[in-house]
*Asks:* 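The structure under discussion is supplied below as structure tokens; questions concerning it will follow.
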Number of protein chains: 2
Amino acid sequence: MTFSYEYERPGLTVDCVIFGLDLESASLKVLLIERDLEPFAGMWAIPGGFVRIEESLYAAAARELKEETGIEGVFLEQLYSFGDPKRDPRGWVVSVAYYALVSPEQHPAQAATDAREARWFPVNQVPRLAFDHAEILAVALERLRGKLTYAPIGFELLPQKFTIKQLQRLYEIVLGTKLDNRNFRKKIFAMGVLRELDEIQKGVPHRAARLYKFDQKKYRQLIKQGLNFQLQ
Amino acid sequence: MTFSYEYERPGLTVDCVIFGLDLESASLKVLLIERDLEPFAGMWAIPGGFVRIEESLYAAAARELKEETGIEGVFLEQLYSFGDPKRDPRGWVVSVAYYALVSPEQHPAQAATDAREARWFPVNQVPRLAFDHAEILAVALERLRGKLTYAPIGFELLPQKFTIKQLQRLYEIVLGTKLDNRNFRKKIFAMGVLRELDEIQKGVPHRAARLYKFDQKKYRQLIKQGLNFQLQ
DNA sequence: CCAAAAGTGTTCTCCATACACCCATGC
DNA sequence: GCATGGGTGTATGGAGAACACTTTTGG
């Protein structure tokens with residue numbers, strides 16, 4: 001390794017795959033923006049942009065997320081870096097991809113800086129995407145499905161207060177399986193990471209379900225003790 | 001996202017955390033190089049270097065691995081990208097870290113381009129490292145331990161032909177646990193990813209153990225069928 | 001023949017699964 | 001009172017964990 005100025009430098013971007021859960025349509029969605037600028041103007045893409053100097057990768061991802069979609073304060077984790085020399089027609093641009101988990105009702109699609117429009121698409125009905133964004137989305141989906149079974153990140157896709165049935169549907173939708181409600185309840189309660197609230201659902205035309213919260217404190221204690229969250 | 005030349009560009013490096021298993025000393029080791037150049041000259045570091053234009057990230061990692069240690073043709077996978085603006089005293093340098101798995105007897109430490117020396121260190125006895133390499137190593141270790149339990153990457157750390165006991169020791173060493181040999185055998189055989197060879201160990205002062213090979217074909221069939229490798 | 005590691009079965013416990021009915025509420 | 005989803009218990013099978021002795025080989 002020698003001094004860096006002897007070497008060509010790539011452009012560096014971050015891209016944020018934003019997942020949201022739509023319980024009504026029972027589908028996992030991804031937030032895309034319609035590009036306003038070349039290259040790929042008019043095409044749909046994962047929101048993202050160039051990293052600024054003196055900015056960490058995480059900070060850049062969080063900034064782009066906010067600038068392009070208005071979303072902030074959500075789960076955001078690095079996914080993978082994409083550096084195929086041909087991935088960007090403008091030249092050598094490496095992208096560090098992140099993925100975010102939000103509950104869409106709290107984050108309606110919102111127009112953005114350099115995009116015409118932002119819109120939620122079901123993950124299995126996305127249009128053709130700019131750059132290598134189809135590949136990035138595929139990697140993100142795989143990560144989400146994998147991580148969901150051994151880490152309690154599912155809660156990030158739900159409102160703070162949720163019913164057990166909603167949590168179960170979340171797993172069914174993302175993993176594409178059917179789960180037995182009795183067994184699911186047993187398992188999720190046995191983990192001891194839910195705090196039962198004194199509230200129930202409002203505005204449903206049938207018996208209202210009890211609401212729960214994810215208990216981060218209890219979860220942290222559990223991992224310290226070496227126990228691991230494992231669903232399915 | 002606009003044209004890239006409006007933005008500052010970072011230096012881009014790859015770093016390769018190289019893990020090797022030493023069955024004799026029953027320890028997991030990492031291959032480090034002693035830096036010959038500033039910054040951090042004389043200090044130990046993870047091998048790595050700048051990515052060249054027109055080169056994919058994987059290709060850069062594989063090239064650096066070969067140039068700096070002579071190792072090639074081994075398991076090599078992207079780990080994580082590190083972009084803290086202060087991580088390199090020379091300025092803004094982002095690093096995409098990879099990790100490699102090798103069997104050290106097949107890869108004795110070997111001097112390299114811009115290093116004084118290369119040496120294997122037990123992972124819990126590494127010297128102070130240059131840059132943020134201690135953090136990179138920690139992330140790599142965590143990944144290795146995590147992945148070992150659900151993916152058959154352990155074989156990459158052993159010679160092609162190995163005994164069941166060696167495989168068991170591998171898991172014990174990396175995961176830091178003790179395993180029951182009868183249960184371990186049952187489980188590993190039940191997976192059906194080992195091919196029994198007509199050979200036995202040579203040169204041991206006691207009963208020689210049968211040798212096995214990892215059967216990649218069978219493994220691929222199994223994942224196609226949806227079965228998953230799960231140990232512990 | 002002795003040291004050292006290889007190799008082998010059984011029991012028990014617990015967790016995952018399968019499965020069907022009553023309950024509470026809004027309309 | 002009825003439709004709709006909420007909420008509950010039990011029986012069974014299978015996998016993981018615990019556990020100790022015999023076999024083989026080289027020296």
Side-chain angles (χ1 to χ4, degrees), chain A residues 23-26 148-150 158-159 161-173 175-213 222 225-232, chain B residues 23-26 148-150 158-159 161-173 175-213 222 225-232:
Chain A
L23 287 168
E24 284 175 40
S25 68
L148 204 57
T149 64
Y150 68 89
L158 293 174
K161 301 170 181 181
F162 52 85
T163 69
I164 304 295
K165 197 57 171 281
Q166 287 173 333
L167 186 59
Q168 183 186 335
R169 283 221 196 89
L170 154 67
Y171 277 88
E172 292 177 334
I173 291 167
L175 301 178
T177 54
K178 274 238 160 190
L179 299 172
D180 178 89
N181 71 329
R182 280 168 294 190
N183 295 333
F184 183 82
R185 281 165 176 273
K186 256 182 289 181
K187 216 164 169 177
I188 212 84
F189 286 135
M191 284 177 202
V193 295
L194 292 187
R195 207 169 69 233
E196 188 175 326
L197 301 177
D198 277 336
E199 278 176 86
I200 55 169
Q201 251 181 336
K202 292 265 148 120
V204 286
H206 52 76
R207 174 173 175 183
R210 166 146 264 116
L211 289 171
Y212 293 84
K213 258 185 154 170
L222 284 179
Q225 293 164 26
L227 274 90
N228 66 333
F229 184 97
Q230 181 89 359
L231 200 69
Q232 251 209 135
Chain B
L23 287 169
E24 282 174 41
S25 68
L148 204 57
T149 63
Y150 68 86
L158 292 174
K161 301 170 180 183
F162 52 86
T163 70
I164 303 296
K165 198 57 169 284
Q166 287 173 332
L167 186 59
Q168 182 185 336
R169 283 221 197 89
L170 154 68
Y171 277 87
E172 292 178 334
I173 291 167
L175 301 177
T177 53
K178 274 239 159 190
L179 299 172
D180 179 89
N181 70 331
R182 280 169 293 189
N183 294 334
F184 183 81
R185 280 163 176 275
K186 254 181 289 179
K187 219 165 167 174
I188 212 85
F189 286 136
M191 284 175 201
V193 295
L194 292 187
R195 207 171 67 232
E196 189 176 324
L197 300 176
D198 278 336
E199 278 177 84
I200 55 170
Q201 251 180 336
K202 291 266 149 119
V204 287
H206 53 76
R207 173 172 176 184
R210 165 146 264 117
L211 290 170
Y212 294 82
K213 258 186 154 171
L222 284 177
Q225 293 164 26
L227 274 90
N228 65 333
F229 184 98
Q230 180 88 1
L231 201 68
Q232 247 209 137

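Note that the coordinates shown come from a computational prediction; the quantities given were computed from them, not determined experimentally.
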*Asks:* Nearest of D/dG5, C/dA4, C/dG7 to any side-chain atom of B/Arg210?
*Replies:*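 That would be C/dG7.
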*Asks:* What is the separation between atom CD1 on B/Ile188 and atom P on C/dA6, rounded to the nearest whole Å?
*Replies:*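 B/Ile188 atom CD1 is separated from C/dA6 atom P by 16 Å.
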*Asks:* Is there a residue in residues 190-200 of chain B whose heavy atoms reach under 4.0 Å of DNA chain D, and which residues are they?
*Replies:*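 Going residue by residue through residues 190-200 of chain B, none turns out to have a heavy atom under 4.0 Å of DNA chain D.
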*Asks:* Provide the closest heavy-atom pair for A/Arg182 versus A/Asp180 in the form atom of the first, atom of the second, distance.
*Replies:*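 Closest heavy-atom pair between A/Arg182 and A/Asp180: N-OD2, 3.1 Å.
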*Asks:* Mind calculating the distance between CG (A/Leu179) and C1' (C/dC19) to the nearest angstrom?
*Replies:*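 Rounded to whole Å, this separation is 15 Å.
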*Asks:* If you look only at pairs with a residue in residues 196-208 of chain B, which of them pass as a salt bridge (Lys or Arg N to Asp or Glu O under 4.0 Å), with sequence neighbours excluded?
*Replies:*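 Matches after skipping sequence neighbours: B/Lys161-B/Glu199, B/Glu196-B/Arg210.
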*Asks:* Minimum heavy-atom separation for A/Thr177 and A/Tyr171, please, with both atom names.
*Replies:*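 Heavy atoms only, the tightest pair is OG1-O, 4.3 Å.
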*Asks:* Ignoring hydrogens, what is the shortest heavy-atom contact between A/Gln230 and A/Met191? Give both atom names and the distance.
*Replies:*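 That would be O-CE, 3.8 Å.
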*Asks:* Calculate, to the nearest 0.5 Å, the distance between atoms CD and NZ belonging to A/Gln201 and A/Lys165 respectively.
*Replies:*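 A/Gln201 atom CD to A/Lys165 atom NZ measures 10.0 Å (nearest 0.5 Å).
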*Asks:* Provide, to the nearest angstrom, the distance between the CD atom belonging to B/Gln230 and the P atom belonging to D/dA15.
*Replies:*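 These atoms are roughly 14 Å apart.
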*Asks:* Write down the distance between CZ (A/Phe184) and C1' (D/dG7), rounded to a whole number of angstrom.
*Replies:*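 That distance rounds to 14 Å.
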*Asks:* Can you give me the N/O atom pairs linking the protein to nucleotides 8-11 of chain D at distances under 3.5 Å, or say none if there are none?
*Replies:*
| residue | atom | partner | partner atom | Å |
| --- | --- | --- | --- | --- |
| D/dT10 | O4 | A/Lys186 | NZ | 2.7 |

*Asks:* Does the side-chain contact (heavy atoms from CB on, under 4.5 Å) test come out yes or no for B/Leu211 and B/Thr163, once each step is laid out?
*Replies:* CA-CA 5 Å; B/Leu211 290 170; B/Thr163 70; 3.8 Å; yes
*Asks:* In whole angstroms, how far is the P atom of D/dG5 from the CG atom of A/Leu23?
*Replies:*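 Atom CG in A/Leu23 sits about 14 Å away from atom P in D/dG5.
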*Asks:* Could I get the full list of side-chain hydrogen bond (donor to acceptor under 3.5 Å, both in side chains) partners for B/Gln168, not counting sequence neighbours?
*Replies:*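 Partners of B/Gln168 by the side-chain hydrogen bond (donor to acceptor under 3.5 Å, both in side chains) criterion, ordered by chain and then number, come out as B/Glu172.
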*Asks:* Find the distance B/Gln201:CD to C/dA6:P and express it as a whole number of Å.
*Replies:*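 The answer, rounded to whole Å, is 7 Å.
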*Asks:* Under 3.5 Å, is there any donor-acceptor pair linking the side chain of A/Arg207 to the base of D/dT4?
*Replies:*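 Such a pair does not exist between side chain and base.
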*Asks:* Rounded to the nearest Å, what distance is computed from the NE2 atom of residue A/His206 to the C1' atom of nucleotide C/dG26?
*Replies:*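 Going from NE2 in A/His206 over to C1' in C/dG26 covers 9 Å.
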*Asks:* Can you list everything that forms a side chain to side chain contact (heavy atoms under 4.5 Å, CB included) with A/Phe189? Sequence neighbours excluded, please.
*Replies:*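 In terms of side chain to side chain contact (heavy atoms under 4.5 Å, CB included), with neighbours along the sequence ignored, A/Phe189 is linked to A/Ile164, A/Arg185, A/Leu194, A/Tyr212.
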*Asks:* Restricting to nitrogen or oxygen on both sides, can you table the protein-nucleotides 12-15 of chain C pairs closer than 3.5 Å?
*Replies:*
none

*Asks:* Tell me the interatomic distance from B/Ile164, atom CD1, to C/dA5, atom P, rounded to whole angstroms.
*Replies:*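 After rounding, the reported distance stands at 18 Å.
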*Asks:* Could you state the interatomic distance from OG1 (A/Thr149) to OH (B/Tyr150), rounded to the nearest 0.5 Å?
*Replies:*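 A/Thr149 OG1 to B/Tyr150 OH: 9.5 Å, rounded to 0.5 Å.
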*Asks:* Got a second to check how far A/Leu167's CG is from A/Ile188's CD1, nearest 0.5 Å?
*Replies:*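 Going from CG on A/Leu167 over to CD1 on A/Ile188, the span is 4.5 Å.
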